[in-house]
Each structure stands twice: as structure tokens, then as C-alpha cells.
Amino acid sequence: MNLAPYAAHPDRTRGRRVPEPPAPTRSAFQRDRDRIVHSSAFRRLVYKTQVFLNHEGDLFRTRLTHSLEVAQLGRSVARTLALNEDLVEAIALAHDLGHTPFGHAGQDALHACMSGPGRDWGGFEHNLQSLRVVDELEHRYPSWDGLNLCFETREGILKHCSRRNAERLEREEPGGVGRRFLDGTQPSLEAQLCNLADEIAYNAHDIDDGVRSGLIRLDDLADVPLLARFQAEVLAEYPALDGRRQLYETIRRMLSAQVYDLIDHTRAAIDAARVVSIDDVRRAPPLVRFSAAMREDTAVLKRFLLQRLYRHPRVVDTTDRARRVVRELFDAYLQDPAQMAPHFAERAARAYGPDADAVRARAVADYIAGMTDRYAAREHERLTGERLFALAATQ
């Protein structure tokens, strides 16, 4: 692997929280990737919502397929920029491990449960929860909790973090993954790349899923300049192309344009900043970027998706019911922790002292965040007697 001098080199990693001897046949970041793929949290992503619930159609994206698409895009760009593909893949596959059931609706509801009036329990941030999964909540090894990933993978997973939580992380791990949110430095280029690969992937596949669902029509794409120009190109070249192929070709060309724009302007930014090491990257402003024109086009696309898809009455009805499931599960488990799986019930039962309520609430939040959509729906029906979703009842 021919890496740029400013890429993350596996032989110069800042290491793991629990030291381990190197693997004989894999780099440190390949080992991280493999641990993520074999984790329980990764498997659960197949039944966690992206936009449409699992029962609404077999071909809609889930958190798992979204993560795979982010990894594919990220690796392609990383290879061209001579960045570390294995680190990019590990971050991409792990970045949504902490997402709740029911997508952002579940996340918002769980945050409200953890931070409402009289409930100053630290809130809920799905990026921080992904870090909790790989640091604490996976139980696969005899000598430690979590997956014991490298610093560089963990820092990439923590895309966003509130100052309050960053300060707490800094107290627990001085100079660790929370520090950059306090001192204004940047993560590796691999982590920066995953952030934009995530954005490129979900914008593209949400258009695809929106059209498949019938909530967006092909004619609506004319309202989005970034899509309209490629749709026009496709129709000029293939006037008789049917709807699905027309959509796929339009999205493919849009994706290519975004990727090439990202590569060109990231190279220019790296050259302008004169970075020659990963430490230079951390001290520089964000370097993985679109051109100003592409940023504006992407912003218009996001506004379109917000108005036409995410706020569509059918989607809003689903998200309202999802929020209710999460709220009522949280209240039921908080009132009677014994209703949770034994490990989480025991955590809640051991809570004592002035922070007992917060510790108990965090155990409940961890339990709910780890659920698949259909398991959450099943548990809600078991505890309330109400069926809000017609989902299969296994996890």
C-alpha cells in the first residue's frame, strides 16, 4: 500500500486503550475492520431504519446497506488520494453502530428522554453511542469490554460531540478522542473523508429510495439542479430509457461528479496547506472538501429531500409512531428495569448514590439504542398491548 506521508499509517498508530501484540497477517486497521464486521452491533444494522422501515419494502436501504455504500465510496476516493483504505473502511462500517431503531426519529426521541425537564442525564448522541458500542457495549473478549479499536478508528467514529461530552471524554481519556472538540483541531484525512462519503451516499440513495417509494416522482428531479442536468444528459443520450434505468444512470453520473469534485478540491486544499504529515493535517482547517459550487448544489439537494421526502406526511406518520415507541419503552424500562435483558437490568439495579438516576437511565438508553426496529416494536407491543407497526417479531 503506497500511502501519502500525511495518511494514517498503521505502523504509526497511536495504539489501543489496552495494548495488544500486532496481528501476524493484518495491519492494525484491517484488524479493526474485521472486529467491527464480526460485532453484534454491525449485524443489527440490517434491521435498523435508514428512511423507510424494513417491512415497507425489501429493497429500501437499511443502516447496514448504507454503511456498505459509505465504505465503497470512501475506499474509492482514499485509493485515488493515497490515503489508508483500511482505516476508511473501518470508520465507515462503524460510524452508525450506535444508531437507534427507527433512524433519526428514534434518536431524537431518546435524546428527549435523556435530557427533558428534570432529566439532566447527558442526552443521547448517536456518534457518541457508536463510540460507546466499540469501547464498552460489545462483550466479545475475555480481558476487556468493547472491541479495543485503534485511536484513529475511534476518532473517526466520533464525527460530532457536544462540548459537555467532549469534556467528560477528556477527563476519562486525557488527550484522547474528545480533545479535538475542545482545541479545534481536525481528525485524520481518512476520518474527514468518511464524513463526506456518508453525505454523498445518503443523498444519492435517499433519492433512489424516495422514487422507489412513490413519494418522489422522476419529474420532481427537475427541481434539483444537480440532478436535473444529469437527467437531461441521460435523456439526450438515451431518449427512450425507462424510468428505473433513467434514475440509476442519473444518480450514477451525479455520484461520479461529486466524487471527482471532492478529489480535485481535496488535492488542491492539501497542496495549499502544504501538509506533509498527519500532525500537519490535525493543525490545518478541514481539507477534504467540495468546491463552493458543489457545496451549494448539495445543499439544494438536501433541502429538496427534507421537503419532499423526510417531511412527507407518510414518513412523518411513521416517525411519529416511532418516537412514541421509543418514549414509551424508555418510561416502561425506567419504571421497571427488570423488563430489560438481564445484563442491562443488572446495570440498572446496581445504580446507587447521587448519580443513580442518570446511571439507570443510561442503561435503559443503551438497551433501546441497541434494538432493531422490529425488536423495539415487539417489545412495545409486549409492554403496552398496542401494535403500532406490523413488523416481524425477532431480533
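Everything numeric in this text was worked out from a predicted model, so none of it was measured.
- Heavy atoms only, all atoms of each residue included: P10 and T13 are closest at O-CG2, 3.3 Å.
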Evaluate the salt bridge (charged side-chain N to carboxylate O under 4.0 Å, His left out) criterion for residues E249 and R253: first the C-alpha distance (whole Å), next the side-chain angles of each, then the deciding distance (0.1 Å), finally the verdict. CA-CA 6 Å; E249 182 63 11; R253 294 185 185 203; 2.8 Å; yes
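- For R327 and D331, the salt-bridge test fails: no basic side-chain N is under 4.0 Å from an acidic carboxylate O.
- Between E296 and R303, at least one side-chain nitrogen of the basic residue sits less than 4.0 Å from a carboxylate oxygen of the acidic one, meeting the salt-bridge criterion.
- Take D320 and apply the side-chain contact (heavy atoms from CB on, under 4.5 Å) test, not counting sequence neighbours, and it matches V316, R323.
- For the residue pair S162/N165, the side-chain donor-acceptor check at 3.5 Å is satisfied.
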Chi angles and distances behind the salt bridge (charged side-chain N to carboxylate O under 4.0 Å, His left out) call for R14, E155: CA-CA 11 Å; R14 287 178 55 177; E155 107 175 311; 5.8 Å; no
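- Salt bridge status for D208 with R252: absent, with no side-chain N to carboxylate O gap under 4.0 Å.
- Ion pair E199/K302 flagged as a salt bridge, since at least one NZ, NE, NH1 or NH2 atom sits closer than 4.0 Å to an Asp/Glu carboxylate oxygen.
- Y47 carries R374 over the face of its six-membered ring, with the cationic atom under 6.0 Å from the centre and within 45° of the normal.
- Taking the centre and axis of the six-membered ring of Y141, the NZ or CZ atom of R35 falls inside the cone set by 45° and 6.0 Å.
- Ring to ring, F102 and F389 are close: their centroids are under 6.0 angstrom apart.
- Neither side chain, Q192 nor Q186, offers a donor N or O lying under 3.5 Å from an acceptor on the other.
- Within the 6.0 Å centre-distance limit, the rings of H66 and H95 are counted as a close aromatic pair.
- Taking the centre of each ring, H111 and H126 stay at or above the 6.0 Å mark.
- At a threshold of 4.0 Å, the pair D223-R308 counts as salt-bridged, since one of the basic side-chain nitrogens sits closer than that to a carboxylate oxygen.
- With 3.5 Å as the limit, one finds no donor-acceptor pair spanning the side chains of S67 and D96.
- In this model, a donor atom of one side chain and an acceptor atom of the other lie less than 3.5 Å apart for S76 and Q72.
- When every heavy atom of R244 is checked against every heavy atom of V211, the shortest pair comes out as NH1-CG1, 4.0 Å.
- A salt bridge does not link E167 with R164: every distance from a Lys NZ or Arg NE/NH1/NH2 to an Asp or Glu carboxylate oxygen is 4.0 Å or more.
- Looking only at side-chain heavy atoms (C-beta outward), R360 and R347 stay at 4.5 Å or farther from each other.
- One finds the OG1 atom of T319 at 12.0 Å from the NE2 atom of H104 (value rounded to the nearest 0.5 Å).
- Residues H160 and E125 are not in side-chain contact: their nearest non-hydrogen atoms beyond the backbone lie 4.5 Å or more apart.
- At a cut-off of 3.5 Å, with distance as the only test, a side-chain donor of D183 or T185 sits close to an acceptor on the other residue.
- With salt bridges taken as basic N to acidic carboxylate O contacts below 4.0 Å, one links R324 and E328.
- Taking 4.5 Å as the limit, every side-chain heavy atom of T372 sits out of range of all side-chain heavy atoms of P101.
- For the atom pair OH (Y248) and CG (L241), the distance works out to 11.5 Å, reported to the nearest 0.5 Å.
- The minimum heavy-atom distance linking L3 with L83 is given by the pair CD2-O, 3.4 Å.
- Counting only heavy atoms from C-beta outward, the side chains of R362 and R132 approach each other to under 4.5 Å.
- D366 has its side chain out of reach of V133: every pair of non-hydrogen atoms, C-beta onward, lies at least 4.5 Å apart.
- A salt bridge links R154 to D135: one of the charged nitrogens lies within less than 4.0 Å of a carboxylate oxygen.
- Using a cutoff of 4.0 Å between basic side-chain nitrogens and carboxylate oxygens, R229 and E233 are not scored as salt-bridged.
- Taking the side chain as every heavy atom from C-beta outward, R31 and S27 never approach each other to under 4.5 Å.
- Ion pairing between K159 and D198 holds under the 4.0 Å rule for side-chain N and carboxylate O.
- With a 4.5 Å cut-off on side-chain heavy atoms, L329 and T384 do not count as touching.
- Residues L255 and M294 are members of one and the same hydrophobic cluster, defined by side-chain heavy-atom contacts under 4.5 angstrom among Ile, Leu, Val, Met, Phe, Trp and Tyr.
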For side-chain hydrogen bond (donor to acceptor under 3.5 Å, both in side chains), just list the numbers for Y202 and E69, CA-CA rounded to whole Å, side-chain angles, deciding distance to a tenth of an Å, and then say yes or no. CA-CA 9 Å; Y202 68 66; E69 291 183 28; over 6 Å; no
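- Under the 4.5 Å side-chain criterion, counting only non-hydrogen atoms from C-beta, I207 is in contact with L301.
- Salt bridge status for R75 with D86: present, with a side-chain N to carboxylate O gap under 4.0 Å.
- For the residue pair Q339 / R382, a side-chain donor-acceptor distance below 3.5 Å is found, with atom types taken as modelled.
- Applying the salt bridge (charged side-chain N to carboxylate O under 4.0 Å, His left out) criterion to D261, with sequence neighbours excluded, gives no partner residue.
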